Amino acid sequence: MSKFLGQFTNHLIRYATWIPPLILFNTYVAEVTVINGQSMYPFFNPQYNESLKRDFCLVWKLYAQWNLDRGMLVTFRSPTDPNKIVVKRIVGLAGDVVQTHKPYPHALVQVPEGHVWVEGDASWDKTKDSNYYGPISARLITGRITHILSPLKRAGRIKWWEHPSHRVGSWKA
């Protein structure tokens, strides 16, 4: 019995020492996340209406708020529910004038310093984004989506700078 206890303790210590570094890595460097919902359709979850398959993506968290650019896919804390992490595309940076959509009360808005304008790729009635809650503080950004990991046929680096959306690219005031 003591041999079993010794081996068990040895294995427990060997594997348990990996838990804190993994937690730190997942919290501050990168994590794998599942994209739920239809707000980023068709870029993410292109089979949203056809199956229960969801995209698994790599979210890079290290220096997530640095060198932001239009078209980037970011995760951030929802301004209306800080416990919820949301995925959207950056459409406007500080100083940009962005053409808004329903339900935003003004046709144009200038993005204030320290903020970004984010939108989902889906139609306005299927996404809660800056058109719903206005420009978000860049400090709410928790990560950048850099790769699609699954499904395997779509796996690879996300080339956000090649996104064809007419919404990406606002006017400078």
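Because the structure is predicted, anything quoted here is derived from the model rather than measured.
- Contact of the I158 side chain with the I148 side chain is registered, since non-hydrogen atoms from C-beta on lie closer than 4.5 Å.
- A donor-acceptor pair under 3.5 Å links the side-chain atoms of R77 to the main chain of P82, judged by distance alone.
- Distance OG/S123 to NZ/K102: 11.0 Å, rounded to 0.5 Å.
- Under the side-chain contact (heavy atoms from CB on, under 4.5 Å) rule, K88 has a single partner from L73, I136, I141, T127, which is T127.
- In this structure, the side chain of S39 does not engage the main chain of G120 through any donor-acceptor pair within 3.5 Å.
- Atom OH of Y28 has 12 or fewer neighbouring heavy atoms from other residues, nucleotides or ligands inside a 6.0 Å radius.
- With 3.5 Å as the limit, one finds no donor-acceptor pair spanning the side chains of N45 and Q38.
- Applying the salt bridge (Lys or Arg N to Asp or Glu O under 4.0 Å) test to every pair with at least one member in residues 16-35, sequence neighbours left out, gives these pairs: E31-K61.
- By the 4.5 Å heavy-atom criterion applied to side chains, D96 and R70 are counted as neighbours.
- The side-chain heavy atoms of V87 and F44, taken from C-beta on, include a pair separated by under 4.5 Å.
- When side chains are defined from C-beta on, L93 does not count as touching V111, because their heavy atoms never get closer than 4.5 Å.
- Inter-residue side-chain proximity for M40 and D121 is flagged as met; some heavy-atom pair is nearer than 4.5 Å.
- A donor-acceptor contact shorter than 3.5 Å is absent between the side chain of S78 and the backbone of I85.
- Residues Y104 and P135 share a closest heavy-atom pair of OH-CD, 4.1 Å.
- A donor-acceptor pair is defined here as one N or O able to donate and one able to accept, closer than 3.5 Å; no such pair exists between the side chain of E119 and the backbone of D129.
- Looking at W160 and T146, their side chains never come closer than 4.5 Å, going by heavy atoms from C-beta outward.
- Counting side-chain heavy-atom gaps under 4.5 Å among Ile, Leu, Val, Met, Phe, Trp and Tyr, the cluster of I23 also holds I19.
- Of the possible polar contacts, none joining the E113 side chain to the A94 backbone as a donor-acceptor pair under 3.5 Å is found.
- Using modelled atom types, one side-chain atom of R89 and one backbone atom of G71 make a donor-acceptor pair closer than 3.5 Å.
- Using a 4.5 Å cut-off between side-chain heavy atoms of Ile, Leu, Val, Met, Phe, Trp and Tyr, L152 forms no hydrophobic cluster with any other residue.
- Of the possible polar contacts, one joining the T100 side chain to the H106 backbone as a donor-acceptor pair under 3.5 Å is found.
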